[in-house]
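Please read the structure below before turning to the comments.
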Amino acid sequence: PLALTPLPFEDDGVERSLLDEYKRCCAAANIKPNSGLLKRLPREIGEHVEEINLDLNYIGIKGVQPLIHILKRNRGLRLLNLKDNNLENN
């Protein structure tokens, strides 16, 4: 099974765009934001994303954790492609 160490992404009550929240979570985890994801996340508060295709973006096991956090705030996701992103399954 995939083992993730929970990262401290606390909800501080500040309303942010998905992009800004993703950047905040990456900073809290001390990881570089994924450039492919930075291009796909909405910059405006209240906007949501329907499709995220990160095929071959090498987000990695640590990088997927901030993504999971912001997806909890997103509404209407229809497609999430994480194929070939160095995510382990052993």
Side-chain angles (χ1 to χ4, degrees):
L2 185 62
L4 295 176
T5 302
L7 296 174
F9 304 134
E10 295 181 21
D11 188 357
D12 60 5
V14 176
E15 192 173 6
R16 295 180 181 85
S17 69
L18 291 178
L19 177 65
D20 289 340
E21 184 66 8
Y22 174 69
K23 289 177 181 178
R24 183 183 81 89
C25 290
C26 288
N30 198 29
I31 59 174
K32 182 180 174 186
N34 180 274
S35 61
L37 192 52
L38 289 174
K39 295 174 187 174
R40 290 165 177 81
L41 292 176
R43 299 177 183 277
E44 299 297 323
I45 293 173
E47 287 186 3
H48 301 279
V49 63
E50 292 183 0
E51 295 185 8
I52 299 176
N53 184 354
L54 294 176
D55 188 17
L56 290 170
N57 269 272
Y58 306 104
I59 195 165
I61 193 70
K62 288 183 182 178
V64 81
Q65 292 183 51
L67 172 61
I68 291 168
H69 175 78
I70 63 158
L71 289 179
K72 292 177 186 177
R73 295 179 170 214
N74 191 65
R75 302 287 179 262
L77 185 69
R78 297 182 299 111
L79 172 76
L80 175 61
N81 183 357
L82 297 174
K83 180 180 166 198
D84 297 325
N85 270 283
N86 199 27
L87 301 174
E88 301 167 4
N89 187 23
N90 48 352

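The chain is numbered in sequence order, starting from 1.
With sequence neighbours excluded, no residue forms a side-chain hydrogen bond (donor to acceptor under 3.5 Å, both in side chains) with Arg40. Residues meeting the salt bridge (charged side-chain N to carboxylate O under 4.0 Å, His left out) test with Glu51, sequence neighbours left out: Arg78. Taking Asn53 as the reference, Asn81 meet the side-chain hydrogen bond (donor to acceptor under 3.5 Å, both in side chains) condition, with sequence neighbours excluded. Taking Arg75 as the reference, His48 meet the side chain to side chain contact (heavy atoms under 4.5 Å, CB included) condition, with sequence neighbours excluded.
Counting all heavy atoms, side chain and backbone alike, Ser17 lies closest to Arg43 at CB-O, 3.2 Å.
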Working for side-chain contact (heavy atoms from CB on, under 4.5 Å), residues Ile52 and Asn74: CA-CA 11 Å; Ile52 299 176; Asn74 191 65; over 6 Å; no
Arg16 vs Lys23, side-chain contact (heavy atoms from CB on, under 4.5 Å): CA-CA, chis, key distance, verdict: CA-CA 10 Å; Arg16 295 180 181 85; Lys23 289 177 181 178; over 6 Å; no
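The NZ atom of Lys72 sits 14.0 Å away from atom CG of Leu18, with the distance rounded to the nearest 0.5 Å. Here Leu19 contributes atom CG and Lys39 contributes atom NZ; the two are 13.0 Å apart, rounded to the nearest 0.5 Å. The CD1 atom of Ile70 lies 8.5 Å from the SG atom of Cys26; values are rounded to the nearest 0.5 Å.
Two different hydrophobic clusters hold Leu38 and Ile45 under the rule that ILVMFWY side chains link at heavy-atom gaps under 4.5 Å.
Cluster partners of Tyr58, by chain and number: Leu56. The rule joins Ile, Leu, Val, Met, Phe, Trp and Tyr whenever side-chain heavy atoms lie under 4.5 Å apart.
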Listed pairs under 3.5 Å, donor-acceptor, residues 27-35 side chains, sequence neighbours left out:
{"from": "Asn34", "atom 1": "OD1", "to": "Gly36", "atom 2": "N", "distance (Å)": "2.9"}
{"from": "Asn34", "atom 1": "OD1", "to": "Leu37", "atom 2": "N", "distance (Å)": "3.0"}
{"from": "Asn34", "atom 1": "ND2", "to": "Asn57", "atom 2": "O", "distance (Å)": "2.9"}

